[in-house]
Amino acid sequence: MTTDDTSPWLVVGLGNPGGEYAANRHNVGFMVADLLAERMSARFKAHKSRAQVVEGRIGPPGPGSRRVVIAKPMSFMNLSGGPTTALRDFYKVPADHVVAVHDELDIDYGALRLKVGGGDNGHNGLKSITKSLGPDYARVRFGIGRPPGRMDVAAFVLKDFSSAERRELDYFVDRAADAVETLIVDGLERAQTTYNS
């Protein structure tokens, strides 16, 4: 991954639109996007790409900061690729400047893993983005753990975080937002060294 100073970055938080999904495990990407926007003191606005977007800068003031577009697709998870591609084209974002933030079943709750490329591991949002963009974008994978017992995976990801999980959720979302910022400002290797757990 390059960190060209002038090209914008596109950070896509994955989730489902609508209040009934807001606190679901599947919506942790939206939660991280909301916090990043809050840090930039910016509000999401509707974009013609069927996404809510915020434009701003991440990183230290001056030449070290990076242009960034934070996006929340409003198309539902399994159609995330359309808005992501439209935003990439609209803002002229290089392929290696696209970052997806998403929930990950195969990682313990709250743990983070950053990587570029790879499969979708059955995640419908990633499946849709990969179909539109190809696989070579960055992923910030936020662990939600596996469902207990024989609970159906789809039911698990569309449930709210448990009360025990909610006690630490703000901390973990904050850490994921830090990881996104480090990835953009300092590069993948530094972000992986600092945040991969």
Side-chain angles (χ1 to χ4, degrees), residues 4-59 61 65-104 120 123-142 144 154 157-161 169-170 172-181 183-185:
D4 170 22
D5 293 348
T6 56
S7 296
W9 285 78
L10 173 61
V11 178
V12 183
L14 295 183
N16 287 308
E20 69 270 37
Y21 300 106
N24 288 180
R25 291 182 179 94
H26 221 19
N27 269 44
V28 76
F30 274 18
M31 295 172 199
V32 174
D34 286 338
L35 181 56
L36 287 166
E38 196 179 302
R39 289 179 178 185
M40 294 192 294
S41 303
R43 286 201 167 157
F44 281 96
K45 296 188 180 97
H47 189 271
K48 64 183 180 182
S49 62
R50 288 181 303 141
Q52 297 275 331
V53 300
V54 156
E55 297 175 53
R57 296 191 84 83
I58 280 177
S65 74
R66 305 280 186 263
R67 283 174 58 212
V68 67
V69 178
I70 312 288
K72 298 191 296 184
M74 294 287 114
S75 57
F76 285 96
M77 183 69 85
N78 60 348
L79 298 172
S80 300
T84 301
T85 305
L87 288 166
R88 181 206 57 187
D89 295 347
F90 182 84
Y91 289 103
K92 298 179 172 53
V93 177
D96 65 353
H97 279 46
V98 177
V99 182
V101 185
H102 64 91
D103 57 303
E104 178 63 62
D120 55 54
H123 192 291
N124 288 331
L126 294 182
K127 200 175 286 182
S128 178
I129 292 174
T130 298
K131 193 173 171 190
S132 296
L133 294 186
D136 299 326
Y137 53 92
R139 297 106 189 271
V140 176
R141 304 155 72 206
F142 185 111
I144 59 169
V157 299
L158 292 175
K159 274 203 173 330
D160 290 358
F161 285 100
L169 183 59
D170 287 349
F172 289 139
V173 168
D174 195 64
R175 196 163 174 272
D178 290 346
V180 171
E181 291 182 349
L183 168 66
I184 290 171
V185 175

Q) Of the non-hydrogen atoms in S132 and G82, which two are nearest, and what is the gap between them? A) OG-N, 4.1 Å
Q.
Assess the residue pair L87 and V93 against the criterion (side-chain contact (heavy atoms from CB on, under 4.5 Å)); give the C-alpha distance rounded to whole Å, side-chain angles, the decisive distance to 0.1 Å, and a yes or no.
A. CA-CA 8 Å; L87 288 166; V93 177; over 6 Å; no
(Q) Nearest 0.5 Å, please: how far is CG in D34 from CZ in R39? (A) 12.5 Å
Q) If you round to the nearest 0.5 Å, how far is OG1 of T130 from CG of D136? A) 9.0 Å
Q | Spacing of L183 atom CG and D178 atom CG [to the nearest 0.5 Å] | A | 12.5 Å
Q: Of all the heavy-atom pairs spanning A22 and M31, show the shortest one and how long it is.
A: O-CE, 3.4 Å
Q: For the pair L14 and M77, evaluate side-chain contact (heavy atoms from CB on, under 4.5 Å) and give the outcome as yes or no after the intermediate values.
A: CA-CA 7 Å; L14 295 183; M77 183 69 85; 3.7 Å; yes
Q: Determine, step by step, whether L35 and D174 satisfy the side-chain contact (heavy atoms from CB on, under 4.5 Å) criterion, reporting the C-alpha distance in whole Å, the side-chain angles of both residues, the deciding distance to 0.1 Å, and the verdict.
A: CA-CA 7 Å; L35 181 56; D174 195 64; 3.6 Å; yes
Q: Taking all non-hydrogen atoms of both residues into account, name the closest pair between P8 and P94 and its distance.
A: O-CD, 3.7 Å
Q) What residues, two or more places apart in sequence or in another chain, satisfy side-chain contact (heavy atoms from CB on, under 4.5 Å) together with R25? A) I144, F156, K159, F161, S162, E165
Q: Measure the shortest side-chain to side-chain distance between H102 and R141 over non-hydrogen atoms and say whether it is less than 4.5 angstrom.
A: yes
Q: State whether the side chain of S128 and the backbone N or O of G125 hold a donor-acceptor pair below 3.5 Å, judged by distance alone.
A: no
Q. In Å and rounded to the nearest 0.5 Å, what is the CG to CZ distance from L10 to R88?
A. 9.5 Å
(Q) The criterion is side-chain contact (heavy atoms from CB on, under 4.5 Å); which residues satisfy it with L158, sequence neighbours excluded? (A) N16, Y21, N24, H26
**Q.** Non-hydrogen atoms of Y137 and L126 that approach each other most closely
**A.** OH-O, 3.3 Å
Q | Inter-residue atom distance M74.CE - Q52.CD, 0.5 Å rounding | A | 5.0 Å
Q. Rounded to the nearest 0.5 Å, how far apart are CG of D89 and OG of S49?
A. 10.5 Å
Q: Please report the shortest heavy-atom distance between G15 and N27, naming the atom on each side.
A: CA-OD1, 3.5 Å
**Q.** NZ or CZ of K48 within 45° of F90 ring axis and under 6.0 Å
**A.** no
Q) What are the two closest heavy atoms between A176 and F142, and how far apart are they? A) CB-CD1, 3.9 Å
**Q.** T6 backbone acceptor or donor facing R67 side chain under 3.5 Å
**A.** yes
Q. Taking the side chain as C-beta and beyond, is there a heavy-atom pair between M40 and I58 under 4.5 Å?
A. yes
(Q) With heavy-atom distances below 4.5 Å as the criterion, would you say the side chains of V12 and P73 are in contact? (A) yes
Q. Please walk me through it: do V11 and I184 pass side-chain contact (heavy atoms from CB on, under 4.5 Å)?
A. CA-CA 9 Å; V11 178; I184 290 171; 3.6 Å; yes
Q) Do R139 and D120 meet the salt-bridge criterion of a basic N to acidic O distance under 4.0 Å? A) no
(Q) Measuring centre to centre across the rings, with the benzene-like ring taken for any Trp, is Y91 within less than 6.0 Å of H47? (A) yes
